[in-house]
2 protein chains.
Amino acid sequence: MSGTNTSVPSVLAHELPRPVPLDELAACPVTEVFRRVGDKWSMLLVIVLGGRPHRYNELHRAIEGISQRMLTRTLRNLETDGLVKREVLPTVPPSVEYSLTPLGFSLLEPISGLADWAVLHAGHFRPA
Amino acid sequence: MSGTNTSVPSVLAHELPRPVPLDELAACPVTEVFRRVGDKWSMLLVIVLGGRPHRYNELHRAIEGISQRMLTRTLRNLETDGLVKREVLPTVPPSVEYSLTPLGFSLLEPISGLADWAVLHAGHFRPA
DNA sequence: CGGAATCCCCAGTGATACTG
DNA sequence: CAGTATCACTGGGGATTCCG
């Protein structure tokens, strides 16, 4: 696997000597990750959960624009990908708490970078 | 505008004292940015252009999975958002060169962070 | 409270063909 | 070479309803 496509890491190190076997780009980890957390809500959810663990309806309220369906779906995806931990607390009215896993927290950092950029250049963007 | 929602910057500074006026989250710059460059190709394009300026077909070949339609569309979007500069060179067969603007380069950094993360944890992810 | 199930729509995306 | 134009599809995503 040393000769296939494991040398993609330097994607951003502006290193494109040759055409780059494109089948590799398709399987490129970057593309992969974007396909997983690049949707409308995932990153936002990670950011919110990065603050503190939240319960279901708490998240629903915190993000507001999101539908129950999408909230659940996104949470499940993130959970499947090992980014979010779902914990059912055996209280009388069942309460569920969602929190970031270590992996989730590690993702929080780069995402934060992006979020910071977003906040910083929010104005410079397109007026319309 | 000092009292409305310009104080969102600390999204990731785990600062959620109160419910957070959610209408603000909807208009949250982070969400905005994700809506713009969070699609399937934008970030990838930024990464590639971050290496060097590319011509149209060069990009088409570099990414491969992308269709002409999407390549053009995405480039136009990025151009509109001021992230990419389109330069027509008056050569006999017309050649067009795409490059990142300063704003585009500034975005490249946080994206790189994400890409690095992607490469790093590509394995830890969900196999299926 | 914390979901699952269902229905439905349309924006994002691809394939193909054509053009200056 | 660097696109534009059409058509068609899929699945992302919302609204609503039902369940333990």
Side-chain angles (χ1 to χ4, degrees), chain A residues 19 22-23 25-26 28 31-46 48-49 53-81 84-99 126, chain B residues 19 22-23 25-26 28 31-46 48-49 52-81 84-99:
Chain A
L22 311 161
D23 305 298
L25 253 191
C28 169
T31 303
E32 236 333 80
V33 168
F34 286 179
R35 285 186 41 165
R36 288 174 181 276
V37 296
D39 60 287
K40 191 174 179 181
W41 303 111
S42 291
M43 294 200 192
L44 211 49
L45 224 39
V46 169
V48 172
L49 287 179
H54 283 69
R55 310 221 340 233
Y56 185 84
N57 280 335
E58 207 175 354
L59 284 173
H60 194 203
R61 263 174 267 114
I63 299 198
E64 176 93 2
I66 198 171
S67 63
Q68 292 178 337
R69 173 188 161 90
M70 277 304 104
L71 179 53
T72 302
R73 263 172 137 282
T74 306
L75 283 172
R76 291 285 183 270
N77 284 338
L78 293 176
E79 191 189 356
T80 299
D81 285 340
V84 162
K85 188 179 73 174
R86 177 175 181 268
E87 202 168 1
V88 182
L89 306 176
T91 58
V92 181
S95 58
V96 181
E97 199 172 68
Y98 293 93
S99 57
R126 49 104 279 154
Chain B
L22 311 162
D23 306 298
L25 253 191
C28 169
T31 302
E32 237 332 80
V33 168
F34 286 179
R35 285 186 41 166
R36 289 175 179 276
V37 296
D39 59 287
K40 192 174 180 182
W41 303 112
S42 290
M43 294 201 190
L44 212 49
L45 225 38
V46 170
V48 172
L49 287 179
R52 326 198 138 278
H54 283 69
R55 312 227 330 242
Y56 185 84
N57 280 334
E58 208 174 355
L59 284 173
H60 195 204
R61 264 175 264 112
I63 300 197
E64 176 93 2
I66 199 172
S67 63
Q68 291 179 336
R69 173 187 163 86
M70 277 305 102
L71 179 54
T72 302
R73 259 168 105 24
T74 307
L75 283 172
R76 291 284 183 272
N77 284 338
L78 294 176
E79 191 189 356
T80 298
D81 285 341
V84 163
K85 188 179 73 176
R86 177 176 181 267
E87 202 168 359
V88 182
L89 306 176
T91 58
V92 181
S95 58
V96 181
E97 199 172 69
Y98 292 93
S99 56

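The analysis underlying the following values was restricted to heavy atoms, covering all of them including side chains, and did not include hydrogens, waters or symmetry mates. In what follows, every chain begins at residue 1, and chains take the letters A, B, ... in the order their sequences are listed.
Closest approach of A:His60 and A:Ile66 over heavy atoms only: NE2-O, 3.2 Å. Annotation for A:Glu97 and A:Leu89: closest pair CB-CD1, 4.5 Å, computed over non-hydrogen atoms. A:Val37 and A:Met43 make their closest contact through O-CG, 3.2 Å (heavy atoms, listed as atom of the first residue, atom of the second, distance).
Contacts of B:Glu87 classified as salt bridge (Lys or Arg N to Asp or Glu O under 4.0 Å), with partners at least two apart in sequence or in another chain: B:Lys85.
The shortest distance between side-chain heavy atoms of B:Leu49 and B:Leu59 falls below 4.5 Å. B:Arg76 places a side-chain heavy atom less than 4.5 Å from the side chain of B:Arg86.
Backbone-only engagement by A:Arg86 is indicated by non-hydrogen atom pairs under 4.0 Å involving sugar-phosphate atoms exclusively.
Put simply, OH on A:Tyr98 is 11 Å from C1' on C:dC1, counting in whole angstrom units. A:Glu79 places its CD atom 10 Å from the P atom of C:dA4, with the value rounded to the nearest Å. Whole-Å rounding puts the B:Leu45 CG to C:dT13 P distance at 12 Å. As a whole-Å value, the separation of A:Leu71 CG from C:dA5 P is 16 Å. Residue A:Arg55 contributes atom CZ, which lies 13 Å from atom C1' of C:dG3 at whole-angstrom precision.
Looking at B:Tyr56 and B:Thr72, their side chains do bring a donor and an acceptor atom within 3.5 Å of each other. With hydrogens and angles left out, the side-chain atoms of A:Ser42 and A:Asp39 include a donor and acceptor closer than 3.5 Å.
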When you check every protein heavy atom under 4.0 Å of nucleotides 4-20 of chain D, what one-letter string (B, S, -) results, 5' to 3'?
B-B------BBB-B---
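End-to-end axis angle of the helix from C:dC1-D:dG20 to C:dG20-D:dC1, using five pairs per end and rounding to 10°, comes to 50°.
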